[in-house]
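Accompanying notes for the structure given below.
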Amino acid sequence: MMVPAALLLLGALTAVLAPRLLARAEWPEREPVVALWVWQCVVGAVLLCFALAMLLSAAAAWLAVRGRLFAAAPHGVVDAYGLGPTGGPWAVGTALALAGGGLWTGARLTREVLRARARRRARGAELLVRAPLLPGEDPAGSRLVVLEGTRPDAWWLPGTAPQLVVTTAALGRLKGSQLDAVLAHEQGHAAARHDWLLHCSRALAGGFPQVPVFAAFEAEMHRLVELAADDVASRRFGRLTIALALVGLNEDRGVFGPYATPQPHVSERVRRLLAAAPRLSACRRLRLTVLATLVPVVPLAVALVPGLSALA
């Protein structure tokens with residue numbers, strides 16, 4: 001039972017320490033795409049720790065599971081894990097608790113995806129009522145929908161037929177290429193499938209609100225996907241253009257005032273765009289990406305080392 005215990009300890013330490021280390025780093029704002037990958041690797045490593053601990057605990061608790069898990073392994077490999085004839089109540093309790101956590105995570109993710117699809121269908125039906133298709137218009141094609149509205153707003157409605165929705169008030173505010181910049185921003189979300197990142201982060205944070213890494217994962221996903229989409233738009237139309245578009249869409253919402261607002265990241269995004277901090281060097285970006293990719297390898301190494309040592 002030493003390997004499952006080591007995996008649980010590794011997962012707990014990663015869940016507590018990784019958010020603190022990433023919160024102190026200054027580079028994520030300059031490289032949000034790399035930061036998104038780092039967060040995914042960290043969360044993946046935590047989940048992998050718990051999944052491997054569940055498998056090995058189940059193998060220690062039940063001979064049927066052990067027979068399937070180590071079916072092709074020599075006898076010495078099984079002995080190397082010190083599973084013993086029966087794992088005892090600790091193995092059973094650990095395996096059941098971790099399996100329950102896995103089922104709960106799957107249920108939360110399924111619920112989040114189904115609710116998002118229901119919201120998307122409802123908004124799509126509302127759009128068809130407010131802006132019906134023109135004769136000859138392809139219902140399966142992407143379209144720009146203009147809605148009558150006094151509040152400047154623009155959003156991307158994902159799906160099999162993605163749509164960019166813009167209000168008439170936004171068209172009056174956005175000048176020159178600012179509308180194109182907003183379109184590029186929303187297309188950046190769609191191309192990178194940011195909606196799935198948000199679904200996963202919400203499911204984990206909602207299912208395990210007391211786990212620091214999952215709560216921080218949700219908060220950072222909402223912030224980093226917007227920064228990444230801002231960078232997509234700024235590379236095509238310039239930082240000033242997308243910054244002015246953000247100001248035009250949000251200046252009536254009080255997000256640039258001295259008081260807290262429901263959208264505190266908007267003013268930070270504008271300041272970041274205007275500051276125009278240089279990107280990290282390609283070498284450093286590569287180094288961070290490789291190091292992040294190696295994070296999920298650590299629990300795999302912890303789980304495989306006893307078996308590989310026995311084979312050697």
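Note that these values count all heavy atoms, side chains included, but never hydrogens, waters or copies made by symmetry. A quick note: this is a predicted structure, and the numbers were derived from the prediction, not measured.
Transitive grouping of hydrophobic side chains (ILVMFWY, heavy atoms separated by less than 4.5 Å) brings Val297 and Leu286 into a common cluster. Cluster annotation: Val33 is not connected to Trp27 through the hydrophobic network of ILVMFWY side chains, with a link wherever side-chain heavy atoms come within less than 4.5 Å. Placement of Val46 and Val295 in two distinct hydrophobic clusters is found when ILVMFWY residues are connected by side-chain heavy-atom separations under 4.5 Å, directly or transitively. Cluster annotation: Val302 is connected to Leu300 through the hydrophobic network of ILVMFWY side chains, with a link wherever side-chain heavy atoms come within less than 4.5 Å.
Under the side chain to side chain donor-acceptor pair (under 3.5 Å) test applied with Asp230, the options Arg235, Arg272, His185, Arg239 reduce to a single match, His185. For the side-chain contact (heavy atoms from CB on, under 4.5 Å) test with Leu10, the passing option among Leu8, Leu13, Thr14 is Thr14; the others fail. Just one residue in the list His189, His199, His222 forms a ring-ring contact (aromatic ring centres under 6.0 Å, His included) with His194, and that residue is His189.
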Would Arg115 and Arg119 count as a side-chain contact (heavy atoms from CB on, under 4.5 Å) here? Give the steps.
CA-CA 6 Å; Arg115 290 176 66 180; Arg119 288 193 301 267; 3.8 Å; yes
Any chance you could lay out the side-chain contact (heavy atoms from CB on, under 4.5 Å) test for Val165 and Asp153, step after step, and finish with the verdict?
CA-CA 8 Å; Val165 185; Asp153 207 354; over 6 Å; no
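Distance CG/Leu204 to CG/Leu109: 7.5 Å, rounded to 0.5 Å. Note: Met221 CE to Leu198 CG = 8.5 Å, rounded to the nearest 0.5 Å.
The closest donor-acceptor contact from the side chain of Gln40 to the backbone of Leu36 lies under 3.5 Å. No donor-acceptor pair closer than 3.5 Å links the side chain of Arg173 to the backbone N or O of Leu249. Judged by distance alone, the side chain of Thr168 and the main-chain N or O of Gly149 form a donor-acceptor pair under 3.5 Å. No donor-acceptor pair under 3.5 Å is formed between the side chain of Glu186 and the backbone N or O of Leu164. A donor-acceptor pair under 3.5 Å is formed between the side chain of Ser281 and the backbone N or O of Arg284. Arg30 contributes a side-chain N or O that, together with a main-chain N or O of Pro278, makes up a donor-acceptor pair within less than 3.5 Å. Not a single donor-acceptor pair under 3.5 Å links the side chain of Ser201 to the backbone N or O of Phe217. Between the side chain of Trp104 and the backbone N or O of Gly207, at least one donor-acceptor pair lies under 3.5 Å.
Considering every non-hydrogen atom in both Pro19 and Trp39, the closest pair reads CA-CH2, 3.9 Å. Scanning all heavy atoms of the two residues, the minimum distance from Ala303 to Val3 falls at CA-CG1, 4.1 Å.
Within the 4.5 Å cutoff, side-chain heavy atoms of Phe214 are placed close to those of Val43. The shortest side-chain heavy-atom distance between Leu291 and Arg287 falls under the 4.5 Å cut-off. Counting heavy atoms from C-beta on, the side chains of Glu29 and Arg223 come closer than 4.5 Å. For the pair Glu31 and Arg285, the minimum side-chain heavy-atom distance is below 4.5 Å.
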